[in-house]
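Below: one structure, written as structure tokens.
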Amino acid sequence: MDEQTPGTPSDAPAPQGPTLFDWEFATDPYPAYAWLREHSPVHRTRLPSGVEAWLVTRYADARQALADQRLSKNPAHHAESAHAKGKTGIPGERKAELMTHLLNIDPPDHTRLRRLVSKAFTPRRVAEFTPRVQELTDHLIDGFAAKGEADLIHEFAFPLPIYAICEMLGVPREDQDDFRDWAGMMIRHGGGPRGGVARSVKQMRTYLGELIHRKRDDLGNDLISDLIRASDHGDHLTETEATAMAFILLFAGFETTVNLIGNGVHSLFMNPDQRALLQASLAAGESALLATGIEELLRYDGPVELATWRFATEPLTLGGQEVAAGDPVLVVLAAADRDPDRFADPDTLDLSRTDNQHLGYGHGIHYCLGAPLARLEGQTALATLLTRLPDLELAIPPQELRWRGGLIMRGLRTLPVRFTPRNT
């Protein structure tokens, strides 16, 4: 159900809008988003799930919406209670008692929990983890370097953040392959049947609850131990809260990085001039272009297409549209980050872009807590790939690549590559 375009006379036909959320759209959504920005920047539509929601596509409106306290993260504010039916949010999280995490709550609970979790998830901890991320990266490349070919999603971009976040959380190495299997189920079914995702969520929840219980008697130097220790003026995380927090750090911490690496490599393949500049910079031992380049890849074709659900707690006006209390609002980060009113030549990949306040990791109080780790993994992965496998190239025609369907994330199903085989 699409509403009339703002400013269109009531007796004039509204412009014919693009088709949203089909497979052609998933392959390249940017022309459709350009149309929405111009003709219907806050656009009411029926999603594939049947839920009706507002899509916010312009940068200025997106920043406003991401920081607007009248747009709640709590699904209880949804007028249709679609979350209870499994149509919004992470499949299975309600039944698994994983609702009390940062993506589903508002202040003051959000303020309290984020402050507690931030003590365990500090930039210092990420910096200390840098050598281990490099080791994991090299180990994964060692696994396929001699073959001369690989699927970069399943052999590299996917396992790297899974093993990294598992180690940060304190998941024993003998259990990490279980997490890889559960996460793989989420990746495979992310754009299709939600039952497979819900089963994986339940398995993760059961395991994390047991792991937290075990760690209470044997605290270590890891995130789950820090969550258990975390307190603020005597206000401790409950076991349910700690389990939900560990789950969302894992859930949000792996797929975004899978897509950052996969989309980033794909963007470099499609823009060989920018890739050549980056490889020359890395060969010269420089890091500045890598740092700005990761930010540009996040803006240009980032891992999170739409910000997670928000619900209006009262009537409000957004981009000239009247949004009713209880209406779902989805901020389209991918559209906002290509808004020509904010970014010069927005459809051009420019790794040296410095005026780049993109929204790839959100804005406001819900800004991604794991962004420093994702940036570290993205920079390490790209730099190591381009240095160790300098002639890396796509192994199939670009038009044969398939993108995963889904609402929130944007990523490739596979990324077949070839290169000169190298002994490790």
Side-chain angles (χ1 to χ4, degrees), residues 1-66 82 87-88 190-192 259 263 266-267 270-271 298-310 318-323 327-349 358-360 397-413:
M1 173 180 172
D2 295 335
E3 298 295 321
Q4 181 180 320
T5 303
T8 302
S10 58
D11 58 347
Q16 180 63 45
T19 300
L20 304 178
F21 307 120
D22 62 4
W23 289 109
E24 183 178 350
F25 171 85
T27 299
D28 182 9
Y30 295 104
Y33 289 149
W35 190 97
L36 290 178
R37 280 196 309 267
E38 181 177 356
H39 298 285
S40 187
V42 178
H43 183 77
R44 188 173 176 87
T45 191
R46 186 182 298 275
L47 304 173
S49 64
V51 175
E52 292 185 7
W54 295 96
L55 303 180
V56 181
T57 58
R58 287 181 179 168
Y59 183 88
D61 297 334
R63 272 181 67 95
Q64 174 193 335
L66 291 171
K87 293 184 177 181
T88 69
N259 295 344
N263 297 5
H266 174 261
S267 294
M270 298 300 102
N271 295 270
L298 283 162
R299 182 202 69 81
Y300 180 76
D301 197 15
V304 184
E305 191 165 342
L306 282 72
T308 49
W309 296 80
R310 285 165 167 77
L318 188 58
Q321 284 286 10
E322 299 300 318
V323 177
D327 280 359
V329 174
L330 290 165
V331 178
V332 187
L333 306 179
D337 279 344
R338 292 221 190 173
D339 188 339
D341 288 340
R342 175 59 186 85
F343 300 100
D345 299 318
D347 294 322
T348 298
L349 181 70
H358 63 77
L359 302 176
Q399 62 269 23
E400 293 183 13
L401 291 170
R402 294 293 177 263
W403 296 79
R404 294 196 308 274
L407 195 63
I408 302 299
M409 300 292 183
R410 172 165 171 76
L412 288 159
R413 290 177 176 271

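- Judged as a salt bridge (charged side-chain N to carboxylate O under 4.0 Å, His left out), the pairs with a partner in residues 328-343 (not counting sequence neighbours) are, in order, Arg338-Asp347, Arg342-Asp355.
- In this structure, Arg37 has no salt bridge (Lys or Arg N to Asp or Glu O under 4.0 Å) partners at least two apart in sequence or on a different chain.
- Looking at Gln321 and Pro41, their side chains never come closer than 4.5 Å, going by heavy atoms from C-beta outward.
- Side chain of Arg404 to main chain of Leu412: a donor-acceptor pair is present (N/O by atom type, distance under 3.5 Å, no hydrogens or angles).
- Between Leu298 and Pro303, some side-chain heavy-atom pair lies under the 4.5 Å cut-off.
- Here the closest heavy-atom approach between residue Ala334 and residue Tyr30 is recorded as O-CE2, 3.7 Å.
- Judged by distance alone, the side chain of Asn263 and the main-chain N or O of Asp301 form a donor-acceptor pair under 3.5 Å.
- Under the 4.5 Å side-chain criterion, counting only non-hydrogen atoms from C-beta, Arg44 is in contact with Asp327.
- Atom-to-atom distance recorded for Phe21:CZ and Arg46:CZ is 13.0 Å, nearest 0.5 angstrom.
- With Arg402 contributing its side chain and Gln399 its backbone, the two residues share a donor-acceptor pair below 3.5 Å.
- Of all non-hydrogen atoms in Ala307 and Leu330, the two that sit nearest each other are O-CD2, 3.6 Å.
- Put simply, the side chain of Leu306 reaches to within 4.5 Å of the side chain of Leu55, judged on heavy atoms.
- Trp35 has its side chain within reach of Ser40: a pair of non-hydrogen atoms, C-beta onward, lies under 4.5 Å apart.
- The shortest heavy-atom contact between Ala62 and Leu359 is CB-CD1, 3.7 Å.
- A donor-acceptor pair under 3.5 Å is formed between the side chain of Arg310 and the backbone N or O of Thr308.
- Side chains of His266 and Trp403 form a contact here, defined as non-hydrogen atoms less than 4.5 Å apart.
- Heavy-atom minimum distance, Met409 versus Val304: SD-CG2, 4.1 Å.
- Between Arg413 and Trp23, the shortest heavy-atom contact is NH2-CH2, 3.3 Å.
- Listed by chain and residue number, Tyr33 satisfy the side-chain hydrogen bond (donor to acceptor under 3.5 Å, both in side chains) test with Glu305 (two or more places apart in sequence, or in another chain).
- Nearest heavy atoms, Asp61 versus Leu318: O-CD1, 4.0 Å.
- Leu36 contributes atom CG, which lies 5.5 Å from atom OG1 of Thr57 (distance to the nearest 0.5 angstrom).
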